[in-house]
Structure formats: C-alpha cells, structure tokens
Amino acid sequence: MVIQRMLDKGLNPDVVTYLMLICGHCQNGNVKEGLKLQEEMLSRGFQLSTLSYSVLLSSLCKIGQVHEALVLFYEMENHGVEPDHITYSILIHGLCKQGEVQSALLLYKEMWSKSIPPNSYSSGAILLSLCKNGMVSEARMYLDSLVMNDCAHDIVLYNIMIDGYVKHGNLEEAVVLYRLITEKGITPTTVTFNSLIYGFCKRRNFTEARRLMETIRLLGLEPTAVTYTTLMNAYCKDGNLRCMLELLQEMHANGIRPTHVTYTVIIKGLCKQRKLQEAVQLLEDMRIKGLNPDQVTYNTIIQCFCKARNIKTAFKLLNEMWLNNLKPTPVTYSILINGLCVYGNLKDANKLLIYLHEQNIKLTRVGYTQIIKAHCVKGDVHCAFMFFHLMMEMGFEISIKDYTAVINRLCKRCLMTEAQQFFSIMLFHGISPDQEICEALLDAYQQCGDIISGYQMLALTVKAGLLPRR
DNA sequence: CGACCCAGAT
C-alpha cells in the first residue's frame, strides 16, 4: 500500500525502502506480507539482498515454519543471492529448536564445504539440541570435532556439554570435562558452576555443592540468583528449611535479588511447613514486587493445596491463573486430576477429564495414567477401560509399562477376566509380553484359584520364549 | 545473540 502511494506520487521506492517495509511487517508477525513484498521486488527487477532474506528466514523460524524457511533458503541461490554465516546460523537454530538436529547437521556440513566460518552460536544450537534429545555421546563427539578444528574456544559450548552430562546423571564426566577446560586455560563462568552444583545437589552432596559455590568467589566470579535457587531448592527437597532460609538471607546480604523461581522454591518450602496462608501471601508479594508468578509457580502452589485436601482453593488458584493471563499447562490439569483422584472425589476427576477432553485441552500422559490407576484400585474396570482408550486416542505412546501397571492392579483384586482382556489388547497392539507381566498373570491365576487359565498362561509364556522362574 | 534454577512421574 505504501509502495502504491509512493508510485502514485511519482516517487521511486528503492531497495532500502523495501527492506524497511519487510522488516516492519516481519516484526509485526506478518511474514506473509513480507514475502509478498519480496516477490514484488523481484518482478520489478530489484536485486534481492542476503539481509532481507535473513529477516524473512528468522521470522519464519520464529513462528515455527522452518520448512518454509528451508524452501526460501534454497530459492536464494536461484536468485543469485549467496547465503552467509548469519543465514546459516538462523536456519540451524530454527531446525535445532524443532528438534531436527540431523537436518541442522547437514546444513552445518554444507557451510563447511563452502568455507563459511561457523560461529559458536550455531555450534551451540546443535550441541544443545543433541543434549536435550538425549544424544549425549553424540554431542561429545561433535564437541571433540570442534576442538580438533580449533573451533571450540567459547565457554558456552562447554557449559552446554557439562550441563548435558549433569542432566543425564553423568556427573563424573561433567567434572572430568570441567577439569579439562581449566587445564586448557579456558575460564569457567558462573553458569559452569551452576550446572555442577545442580549435579551435586541431585546426589544430595551438599558439602561439594557448597564448596563449589565458594570456588565461584575464589575465581573472582559472583554467584547468581540461579546458584542460590539451585541450592535452596535442594535443601527444600531435603526438608532442610532452615538452610534454605539461611541461603535466602545470605542472598539478600550479598545484594542478589531473588527471581520468580526463587520465590517458587520458597513457596514450596512454606507449603511443606503447612504454612499455606503464608504461601498465598508470598504469591501476592511477588506481584507487588513485579516478579510475576509463572505457570510453574501456580502449579506448585496448586499441588500444595491439593495435598492439603483443599481442592476448592486449588481450583480458585486455577481461576486466578486465567485472570492473570496465564494459560494453565497440561501439568496444571494433571495435578488437579491427581488431586481429585487421591485426595478428593474420583467422580469429579472423571468429570474434569471428560470436560478437558471435550474442550480439546491437552493433558499429560501422567494425567491419564493417574486416573486409570485410581479406577483400577477402586475396581471400576469399565472406567479404567474407557480412559485407557482415551489415552490411546490422544496419540500417547502406550508401552508395556502402562499395561503392566494396570494388569498388576487388576491381578491384586483377582479381576482376572479383566486383566486377561488388557493382556489381549496389548498383544493385539503388537506388544510382546515380557517376563514381568507373564509372572504377574501366572501368580495371580494361582492365587485366585483359576488353575486351568493358569496353565493356558503358562503355555503362552513358554511359547513366547520366557521361562517362568521357579 | 546463547548456556544454568521452579511444577507433573508409572
């Protein structure tokens, strides 16, 4: 429209005018309009630039249309525009965010072959994506290849790797890598220590965690709110509220401002001490201080109220989330379902789950397994069946563990016909029985006095190549 | 530019 007006007035829009308009549209989230303008430039014979492509590519990635971005990327070369390291890093980043590490790696190789120097930003994205997807050893191989090519001087890369190790329970390897980088003369950051501290906290090694916090200072670095929050959370989990609050004091004394995460941890601590009113008060304080509670904060406090059998307040807090423009997460609903199953009324849990299903609101798989479990325990196999079906319909991967959980509970109540039914469904879905599930059924048939079916089961077990131990 | 802390768990 602006272009048309300019033309009407006899003005000639140039490349810069177009670029600015494309930027503007993209910033407003209107990538379509940006793409249209680019088309228009082409038809008017303008030379397109790498920059305008980068803007469009990053906007497409931002709204999750990575594949469209890839198409546009390959168009670039046809129009005689050479991609640079920025273009590549945008795409690599976008692909990694979508979990498509393999495609990202291909682009990375392409970059190498064109002798475009990769920046640590794209390497970091790949490394992070590999770690988050559980491919820790692949991540390490990738990091080693960077080291070999002398491309790994950035501490952030090591931080990602160290954290990857820690998150997958391999604290030993994380410590080894930490020692390696210090030997190499690469200076760690507080983030490096935060990951290590997290690892030691997970193992409840508070001594080592605190020693590392000292090391931060010895190296002339400062602990951050993350450092404190990590430790505070560990103490909270350990039931050591005194140490948690002491750390809060220390934080204050050192002039480190708590974040909304810190507050969430404190709220959890207060709930543990059954100081629910104070917890609610703290939620208020957060808002006053401008530290807005997030979904996790609410999920935490909602769960606390559920455990205190105060379901009413739990739902009140759910409502408060909406009022504060916080969309409840699938976890929020799972917590409430669990609360109703364990501490409230199972019928209400049914109602809530069906309501959410009708509203097309997503639930976690835990939400489903929770209610299935509750019905099995109560012996309402009909309901258990129904929700099991629903869980399948929702596209959740059903593993042998899910079947085992249900069958075990039914066996305990000698509901053998029903247990057998679930077993048949499992076989029907192509899941092979394992030792555990066969033994559970065999034992149950014996316990419940159905010897004949027991023999049938035994035959099936042997046929499956699983020898019953005895 | 980014990496680290809080909720759900059979």
Side-chain angles (χ1 to χ4, degrees), chain A residues 58 86 89-90 92-93 96-97 119-129 131-132 154-164 166-167 174 188-199 201-202 212 216 223-234 236-237 247 251 256 258-269 271 286 291 293-304 306-307 317 321 326 328-339 363-374 376 391 396-409:
Chain A
S58 84
I86 298 182
S89 99
I90 289 167
I92 288 173
H93 216 81
C96 286
K97 245 189 166 166
N119 50 20
S120 72
Y121 189 56
S122 20
S123 319
I126 289 175
L127 206 54
L128 186 66
S129 190
C131 286
K132 291 255 144 87
D154 192 342
I155 181 64
V156 172
L157 297 174
Y158 296 98
N159 286 349
I160 293 169
M161 193 68 237
I162 288 174
D163 194 63
V166 167
K167 291 287 146 67
T189 60
T190 304
V191 174
T192 322
F193 289 102
N194 290 347
S195 292
L196 291 171
I197 289 172
Y198 181 91
C201 282
K202 238 182 160 175
L212 280 170
I216 295 178
T224 61
V226 176
T227 321
Y228 278 100
T229 309
T230 305
L231 260 164
M232 284 169 71
N233 185 51
C236 183
K237 273 208 170 116
L247 278 171
M251 227 178 141
I256 297 162
T259 65
H260 72 283
V261 181
T262 319
Y263 272 96
T264 306
V265 172
I266 301 168
I267 285 176
K268 201 168 61 175
C271 289
M286 282 176 80
L291 294 171
D294 65 0
Q295 280 107 330
V296 181
T297 316
Y298 271 99
N299 290 349
T300 307
I301 197 165
I302 285 174
Q303 187 177 46
C304 292
C306 283
K307 278 187 182 156
L317 287 161
M321 279 180 92
L326 284 175
T329 66
V331 176
T332 318
Y333 293 115
S334 298
I335 289 169
L336 286 165
I337 296 265
N338 180 53
L363 216 71
T364 62
R365 56 176 286 119
V366 181
Y368 289 96
T369 49
Q370 209 60 255
I371 204 164
I372 291 166
K373 177 176 129 188
C376 286
M391 183 161 99
F396 284 104
E397 263 310 301
I398 315 281
S399 73
I400 191 158
K401 294 229 159 153
D402 298 305
Y403 287 101
T404 309
V406 171
I407 289 173
N408 268 333
R409 290 203 177 81

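Per chain, numbering begins at 1; letters A, B, ... match sequence-line order. In this text, all values refer to a predicted model and were calculated from it rather than measured experimentally.
- Partners of A/K373 under the side-chain hydrogen bond (donor to acceptor under 3.5 Å, both in side chains) rule, at least two apart in sequence or in another chain, do not exist in this structure.
- A/V156 comes within 4.0 angstrom of a nucleotide base, judged by non-hydrogen atoms across all strands.
- Scored by the salt bridge (Lys or Arg N to Asp or Glu O under 4.0 Å) test, A/R365 finds A/D402 as partners (sequence neighbours excluded).
- Among the atoms of the strands shown, only primed sugar atoms or phosphate atoms (P, OP1, OP2) are found under 4.0 Å from some heavy atom of A/Y198.
- The residue A/K132 sits close only to the backbone: its heavy atoms come under 4.0 Å of sugar-phosphate atoms, none of a base.
- Nucleic acid contact class of A/T189 (heavy atoms, under 4.0 Å, all strands): base.
- Closest of all the heavy-atom pairs between A/L157 and A/S120 is CD2-O, 3.9 Å.
- Minimum interatomic distance between A/I335 and A/N299 (heavy atoms only, all atoms of both residues): CD1-O, 3.5 Å.
- Residue A/T364 is in base contact, counting any heavy-atom pair closer than 4.0 Å across all strands shown.
- No engagement by A/S399 is indicated, since no non-hydrogen atom pair under 4.0 Å with the nucleic acid exists.
- Within the 4.0 angstrom heavy-atom criterion, no nucleotide atom of any strand lies near A/Q295.
- At the heavy-atom level, A/N233 lies under 4.0 Å from the strands shown only through sugar-phosphate atoms.
- Within the 4.0 angstrom heavy-atom criterion, no nucleotide atom of any strand lies near A/T227.
- The backbone N or O of A/C236 lies less than 3.5 Å from no partner atom in the side chain of A/N233, so there is not a single donor-acceptor pair.
- Counting non-hydrogen atoms of other residues, nucleotides and ligands closer than 6.0 Å to NZ of A/K167 gives a total above 12.
- The outermost nucleotides of DNA chain B lying under 4.0 Å from heavy atoms of chain A, listed 5' to 3', are B/dC1 to B/dT10.
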